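Numbers for residues simply follow the sequence, beginning at 1. This one's a predicted model, so the numbers in the text were calculated from it and none came from an experiment.
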Amino acid sequence: MDTSMEMSRNPLGEDLNNSKQSEKEDSVLEDMDVEDPTKEGNSEEKFNRSLNASMESRGGLQSECDHWKFNRSLNTSMESHGGLQSEYDHWKEKHDAADNRRSNLIMEKVDASDAKMKTQRQVEELARKLDGTDEEKKEKENLYEREIKGLKTENSDLQKQIQDLTKAFKREQRVLEDIKEDLQAEITLPQKNINFKVEETPKDGESSPDISYKCFVTINGVTILESGQTLLTFEDIEVANRVIKKGKYKLDFENKPVEVTAKPVTLNRTTQFEINMNMSKKRLCVRDLPPDLSDEYLKDKLELIFYKPSIGGGEIERVQIDGSRNLAFIDFLQSGVVERLVKQKHFEFVAHNTRHQITVEPFIDRELNKLQMFTGFSPKSVLLEGIQGVEETEDDIQDIVQIFFQKPTNGGGEVEHILHSHNRKRAAEFETDLKEDANCAGL
């Protein structure tokens, strides 16, 4: 449909054209000076001519008006067409943009679909793995439960063993304490007479000899008497052998007779050694040296201190340092220096503006020689067993046994020592008889 024709039929445009046409007709009438017949009294003829002229003029005006209306409609149509073209271009651009956006959305939808499918596959794979993990987890849980159950059982067994071992340990500990009590004995070094000689004054250039001491130490293992045992020591070995050979004896107590058995006595291990001690008159032992000092520094300081005659010192031959024990050994050239220094005992030692107290004492060299370990026996001793269930006291039992085995008619002889254990354990000590065989011992 033609756009110009549509616009010419617009009612607003028609009203405008009719208004303009009326104005133009009024202008033509004015130009023709048509007289009013009522006012001027013109004749009818003049009026008809004027009317015809007016009709002719109106016909020309009608044609001119139609022409003007066509031109106006054409211009309006052209202007309307230009606006529509621009609006068309505008909406076309929006349409193209919408198509592009639609294409992009379609591509994004395709990509999203691919990503969704990929994610769905991953979720399915993870679900399968999760199912497998759950099964594996259950298997491990079952395995762990079995292991825990086994460990609990093993732990229970171990706890029971620990309790049993603890009870056994306490029993053994009590036995050990009892043995310690039985073994407690006062151990003293043997007395020995020492002959002191007047020291001869050394000649010029000679040094006085050191003080030496030698002693022998014997440690005998004690013999433990159990309850109901008696230990007899005779003066004669033959009597002990005769009693042991007979073996069985019957002793009479107040309430009942008791049969006893005689056995030889075997001693525990005996240890014997020799101790040699030598006290030097020229060597001094220095104790309580400050730690973390170099050996050279200690040597220099000690030489400066003990070289001074004002404190009783003298000329030094050599200084030795024992850093592990914080000790020092100083050798003097002359005798008598050690004796003077030992009387003072303590000296002041200054190191790096710090005061220390050191102690001096004579150097004693100790040696252990001739170590011997052997198991001895007492040929004069007899062990009696079986005196149980009697009401007599320990002393009464000893008197009864001694009287019985002193009678020659019973095969006995003179008893030197006797020791009975009644309802307890007792320790019997033996001394080594050095005058006789090394294996002999006396109670």
Side-chain angles (χ1 to χ4, degrees), residues 171-187 218-271 373-433 436-443:
R171 288 195 301 269
E172 296 297 330
Q173 200 170 21
R174 288 194 294 268
V175 173
L176 179 61
E177 293 296 331
D178 295 338
I179 294 175
K180 284 183 178 180
E181 291 179 1
D182 295 334
L183 292 178
Q184 285 181 355
E186 184 179 356
I187 300 175
T218 302
I219 302 176
N220 295 318
V222 296
T223 299
I224 304 298
L225 294 181
E226 300 291 338
S227 177
Q229 291 182 340
T230 304
L231 190 62
L232 282 171
T233 300
F234 296 96
E235 291 183 353
D236 192 355
I237 296 177
E238 293 181 358
V239 176
N241 292 333
R242 189 166 54 247
V243 170
I244 293 172
K245 186 176 180 180
K246 185 177 179 181
K248 301 289 185 178
Y249 294 90
K250 184 177 289 185
L251 302 179
D252 292 327
F253 293 91
E254 291 183 358
N255 57 347
K256 64 176 181 178
V258 176
E259 184 176 317
V260 298
T261 304
K263 295 181 179 180
V265 178
T266 302
L267 305 179
N268 292 326
R269 185 174 59 183
T270 300
T271 304
M373 302 177 69
F374 54 89
T375 301
F377 66 94
S378 179
K380 297 181 182 181
S381 299
V382 177
L383 180 64
L384 300 178
E385 295 180 344
I387 304 177
Q388 298 283 356
V390 296
E391 297 179 355
E392 285 79 0
T393 64
E394 208 169 66
D395 293 335
D396 293 340
I397 293 173
Q398 290 183 171
D399 293 339
I400 295 172
V401 173
Q402 185 173 357
I403 293 171
F404 181 86
F405 283 100
Q406 279 183 340
K407 296 179 180 180
T409 55
N410 295 327
E414 191 66 28
V415 177
E416 190 176 88
H417 296 287
I418 184 171
L419 183 66
H420 176 72
S421 176
H422 185 59
N423 296 328
R424 61 170 180 162
K425 293 181 180 181
R426 299 187 68 179
E429 292 186 59
F430 287 84
E431 296 180 357
T432 302
D433 189 356
E436 301 180 2
D437 194 345
N439 290 331
C440 296
L443 179 64

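In this structure, CZ in Phe253 is found 4.5 Å from CD1 in Ile387, a value given to the nearest 0.5 Å. The NE2 atom of His417 sits 11.5 Å away from the CG atom of Leu232 when rounded to the nearest 0.5 Å. Remark: Thr261 OG1 to Glu385 CD distance equals 7.0 Å, nearest 0.5 Å. The OG1 atom of Thr409 sits 8.0 Å away from the CZ atom of Phe404 when rounded to the nearest 0.5 Å. Expressed to the nearest 0.5 Å, how far OG1 of Thr393 lies from CG of Asp399 amounts to 8.0 Å. Lys250 contributes atom NZ, which lies 13.0 Å from atom CG of Asn410 (distance to the nearest 0.5 angstrom).
Under the side-chain contact (heavy atoms from CB on, under 4.5 Å) test applied with Leu251, the options Thr230, Ile403, Val260 reduce to a single match, Val260.
Two residues are said to be in side-chain contact when any heavy atoms from C-beta on lie closer than 4.5 Å; Val382 and Phe405 fail this criterion.
Nearest heavy-atom pair, Val265 versus Leu383, reported as atom, atom and distance to 0.1 Å: CG2-N, 3.7 Å. Between Val258 and Gly386, the closest heavy-atom pair is CG1-O, 3.1 Å. The two residues His420 and Gln398 make their nearest non-hydrogen contact at N-OE1, 3.0 Å.
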Using a 3.5 Å cut-off and no angle test, enumerate the donor-acceptor pairs between side-chain atoms of residues 235-247 and protein atoms at least two apart in sequence or in another chain.
| from | atom 1 | to | atom 2 | distance (Å) |
| --- | --- | --- | --- | --- |
| Asp236 | OD1 | Glu238 | N | 3.2 |
| Asn241 | ND2 | Ile237 | O | 3.4 |
| Arg242 | NE | Gly411 | O | 3.2 |

